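Chain letters run A, B, ... following the sequence lines, proteins first and then strands; every chain starts at 1. Small disclaimer: the values here were computed from a predicted structure and weren't measured.
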Protein chains: 2
Amino acid sequence: MNTSSQGEIKLANFKVGVDSVIFCVDLERNRLLVLVVKRIEEPFVNTWSLPGTLVREGESLESAAYRILSEKIPVKNLYLEQLYTFGGPHRDPRESPDSYGVRYLSVSYFALVSYASAHLLLENSKQVAWYEVSKVPPLAFDHDQILDYGYQRLKNKLAYSPIAFDVLPELFTLHDLYQLYEIVLGANFSDYSNFRNRLLKLGFLQNSKIKISKGAGRPANLYRFSSSAFAPIKDYPLVFI
Amino acid sequence: MNTSSQGEIKLANFKVGVDSVIFCVDLERNRLLVLVVKRIEEPFVNTWSLPGTLVREGESLESAAYRILSEKIPVKNLYLEQLYTFGGPHRDPRESPDSYGVRYLSVSYFALVSYASAHLLLENSKQVAWYEVSKVPPLAFDHDQILDYGYQRLKNKLAYSPIAFDVLPELFTLHDLYQLYEIVLGANFSDYSNFRNRLLKLGFLQNSKIKISKGAGRPANLYRFSSSAFAPIKDYPLVFI
DNA sequence: ACAAAAGTGTTGGTGTTACACCCATGG
DNA sequence: CCATGGGTGTAACACCAACACTTTTGT
């Protein structure tokens, strides 16, 4: 960072926004949902957009991300990570010449939240909504692009990281887990029996021996993610698919 | 991004810096190098740091990254991608209370450049240097962290993406390619014969049938990366290791 | 008894690992 | 003719996809 002070060179001044792609897997109705909010001011007033906020004094990027999240849903049982930073000029219409040349930069975050948290808000105001990923309307700014990017990341993360266990309940059946993967990656992403064998062979799923019945049929075992059993293998390249 | 206008809430104002982790593989001496520059002003004056700059008016993040790059080396034959954005408060000492609360955010980029480009600069001033990754001195700001992050990314990219071919010469031997991988990933990352078979089976390496001799021993075939043969498979999950 | 849900087993095929071996050239 | 650098082959094994099958429950 050098500030060579030749006559005409001026540094840009930025406001920094944090926009989040918040996913939620609805296991009851087999849907992958993403959270959108309706803009209440210009630009793009009344257009759907990703939930976001501008970073305040003394606030970190991640805090800002958590702040908007917590305004919408309980911030428990979630996975959050930084996605990408979009910072080109002219990506925000507010960057008009008459606004003293202030630029708007957006640091995007990607989150996966538990359905239990999420559906608290399902009946909420008209300003906030969960859309199925395949049915999201056109979004404000470059948010369509950010959403695509986040969706890709979600699919990759699911294949290589244990993020599913951040949003499943403490105890879950292997069919729940399989279904979560199916909803995100598409049906036939893998044979159930092979999926099951692979996961169990990795050794971090603990059979609680507690049984749970879902109508007719053999009751399923409830499993638990054992972070202590996962710790030693966390740095190896694992594939969960 | 909502600008709720309650009394005391103030948005932070940012300068945005772009810092790059620039790697270069020296095939002649089996070293992985990273570019560092000596700071010529406060803060951290005379400390080594990653090459960076503050974003100017009308300039995109990537342009800024290319700008510093091009000051140091020819920006041909390189791979560049965004790494991570560090934006917490207090990461930059310039954020003192008397500087009107301006925050410094850093968008980091990661680059791999060809050795041919890089060594043009090897004899340069005392302000710029290539260090072996394992011997980099402590860096200014949080640049040690950024370097670590970039090194990780380099290793991952090499395993899953054809970035090596961006920095190898047009024609190269399979041993050159293997050596490049060895330097970055460490010796014994894979058996040579297996590495070779895997790469050839992927089908995008074109044998030019031109032979080249390296002292005694059988001459090696020169290969060429065929981007047209790679295109159809680029979206599949490939492993090059 | 039967259908539904969960869980187990089998089999052919493919990929990977760790080597040993063969080929072409310079000195 | 042999050391050197380059290239090929292969046996054992692990893994994986696909599918059939068994077990346990509710009605």
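Listed nucleotides D:dG7, D:dT25, C:dT25 differ in distance to B:P219; the shortest reach to its side chain belongs to C:dT25. Of the candidate nucleotides D:dG6, D:dT4, C:dG7, D:dT4 has the atom lying nearest to any side-chain atom of B:A216. Distance from the side chain of A:R218 is smallest for D:dT23 among the nucleotides C:dC23, D:dT8, D:dT23. Distance from the side chain of A:N221 is smallest to C:dG7 among C:dG7, D:dA17, D:dG7.
Counting to the nearest Å, the P atom of D:dT8 and the CZ atom of B:R196 are 4 Å from each other. The distance from atom NZ of A:K211 to atom P of D:dT25 is 8 Å, rounded to the nearest whole Å. At whole-Å resolution of the value, NZ in A:K209 and P in C:dG7 are 12 Å apart. Taking atom CZ of residue A:R198 and atom P of nucleotide C:dG9, one finds them 19 Å apart after rounding to whole Å. Taking atom CG of A:N188 as the reference point, atom P of D:dA18 lies 9 Å away to the nearest angstrom. Taking atom CZ on B:F189 and atom P on C:dA18, their separation rounds to 13 Å, with Å as the unit. Atoms CZ (A:F172) and C1' (C:dA6) sit 16 Å apart, rounded to a whole Å. Atom CG of B:L205 is separated from atom C1' of D:dG7 by 15 Å (rounded to the nearest Å).
Here B:Y192 reaches the OP1 or OP2 of D:dG7: one of its side-chain N or O atoms lies under 4.0 Å away.
Note: B:Y151 and B:F110 fail the aromatic proximity criterion, with ring centroids not under 6.0 Å apart. With ring centers used as reference points, B:F172 lies 6.0 Å or more from B:Y223.
Between B:F225 and B:F230, the ring planes are tilted. Angles from 30° to 60° get that label. Ring planes of B:F240 and B:F204: tilted class, angle from 30 to 60°. Ring geometry for A:Y192 against A:H175 counts as parallel: the plane angle stays under 30°, on a 0 to 90° scale with 60° as the upper cut.
Between A:S190 and B:I212, the residue anchored nearer the 5' end of DNA chain D, judged by the nucleotide with its closest heavy atom, is B:I212. Taking the nucleotide of DNA chain C with the nearest heavy atom to each of A:N194 and A:K214, the more 5' of the two is matched to A:K214.
One N or O donor and one acceptor, one from the side chain of B:S193 and one from the base of D:dG9, sit under 3.5 Å apart. Donor-acceptor pairing under 3.5 Å, judged by distance alone, is absent between the side chain of A:D191 and the base of D:dA17.
The residue A:N197 sits apart from the nucleic acid: no heavy atom pair falls under 4.0 Å.
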